[in-house]
Amino acid sequence: MNKLLATTFGSLLLSSALFANTLDKDSIKISFEGYKAPQMVGVKGKFTTSKVEFKDNSSFAKQIVGASITLSPNDIDMSNPVITNNIINAFFNTLNNKGDVKVELVSLIEGKDVGTITAKVTINNQSTTMPLVYKIQNGDMGKKEFTAEGRIDLAPFSNTTKALKALSDAAPGHLKISWNVVDIFVTGTLK
């Protein structure tokens with residue numbers, strides 16, 4: 001009987017330890033790097049807010065698959081008001097009339113503190129997928145930190161060419177070239 005209780009108790013502890021590591025929704029931050037000029041010079045920005053919805057908070061894997069993220073171009077900060085204005089009003093106004101970008105996390109390959117998330121990105125009712133490679137590692141103050149990054153090609157969206165031209169025309173520093181790839185970075189902490 002004692003062995004049965006010990007085994008049951010041990011299983012419950014292991015189970016609760018596995019489910020204790022879920023993403024803290026309030027800690028999630030999304031940033032990006034776009035590229036300009038013939039030398040493919042990076043320009044970094046971030047979304048100051050994002051709406052993240054999890055369908056199931058019982059484990060990390062269940063949080064990820066089926067999660068949705070809504071990003072508004074109006075919530076972009078490029079650390080420079082002129083660049084921010086160009087991204088919002090020249091690029092996103094042409095790409096999708098400053099409409100929201102919708103992201104759905106559709107699948108997960110989960111390893112030991114590493115994995116791949118497939119994200120479906122929708123703009124103007126057109127979608128493409130992109131992989132995000134993630135890592136979970138110990139951070140400051142003993143909290144586990146989640147980092148993910150991936151690259152999206154904007155070519156599948158019908159207004160991309162016009163939007164990139166509008167951005168290049170508005171921003172002389174682009175030297176008439178705005179690149180159609182954007183690197184995405186996601187960070188957060190686990191609780």
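Partner L154 forms a side-chain contact (heavy atoms from CB on, under 4.5 Å) with one of T160, V181, T128 and no other, that one being T160. Checking V186, I64, T189 one by one against L23, the side-chain contact (heavy atoms from CB on, under 4.5 Å) holds for a single residue, I64.
Residues L164 and S178 come closest through the heavy atom pair O-OG, 3.5 Å. Contact between G173 and A37 at its shortest, heavy atoms only, is O-CB, 4.1 Å. The nearest pair of heavy atoms linking F54 to K25 is CE1-CB, 3.9 Å. Of all heavy-atom pairs spanning D100 and P73, the tightest one is CA-CD, 4.2 Å. Taking all atoms of both residues into account, the shortest heavy-atom contact from I83 to M78 is CG2-CB, 3.6 Å. In terms of heavy-atom proximity, T22 sits nearest to S58 at CG2-C, 4.3 Å.
We find the CD-CG distance between Q63 and L190 to be 7.5 Å, quoted to the nearest 0.5 Å. Taken to the nearest 0.5 Å, the CG atom of L167 stands 9.5 Å off from the NZ atom of K36. In this structure, NZ on K102 lies 12.0 Å from CD1 on I69, to the nearest 0.5 angstrom. Rounded to the nearest 0.5 angstrom, E149 CD and L132 CG are separated by 9.0 Å. Atom CZ of F157 is separated from atom CG of N124 by 9.0 Å, given to the nearest 0.5 angstrom. K55 NZ to L105 CG: the interatomic distance, rounded to the nearest 0.5 Å, is 10.5 Å.
Between I76 and F47, the closest side-chain pair of non-hydrogen atoms falls below 4.5 Å. Within the 4.5 Å cutoff, side-chain heavy atoms of D183 are placed close to those of F185. The shortest side-chain heavy-atom distance between Y134 and L108 falls under the 4.5 Å cut-off. For the pair N96 and N159, the minimum side-chain heavy-atom distance is 4.5 Å or more. Between P38 and L175 the shortest side-chain heavy-atom distance falls below 4.5 Å. Side chains of N74 and I88 form a contact here, defined as non-hydrogen atoms less than 4.5 Å apart. Counting heavy atoms from C-beta outward, L71 and K51 have side chains that stay 4.5 Å or more apart.
Hydrophobic clustering of Ile, Leu, Val, Met, Phe, Trp and Tyr side chains at less than 4.5 Å, counting indirect connections, keeps I152 apart from W179. In the hydrophobic clustering of ILVMFWY residues, with side-chain heavy atoms under 4.5 Å counting as a link, F92 and V182 come out together. Two different hydrophobic clusters hold I87 and Y35 under the rule that ILVMFWY side chains link at heavy-atom gaps under 4.5 Å.
Atom CG of N138 has more than 12 neighbouring heavy atoms from other residues, nucleotides or ligands inside a 6.0 Å radius. Other residues, nucleotides and ligands place no more than 12 heavy atoms under 6.0 Å from the CD1 atom of I109.
Side-chain contact of N85 with N89: a donor-acceptor pair under 3.5 Å is present, judged by distance alone.
At least one donor-acceptor pair under 3.5 Å links the side chain of N80 to the backbone N or O of V82. In terms of modelled atom types and a separation under 3.5 Å, the side chain of T48 and the main chain of D75 share a donor-acceptor contact.
The salt bridge (charged side-chain N to carboxylate O under 4.0 Å, His left out) pairs that include a residue from residues 103-123 number zero, where partners must be two or more places apart or lie in different chains.
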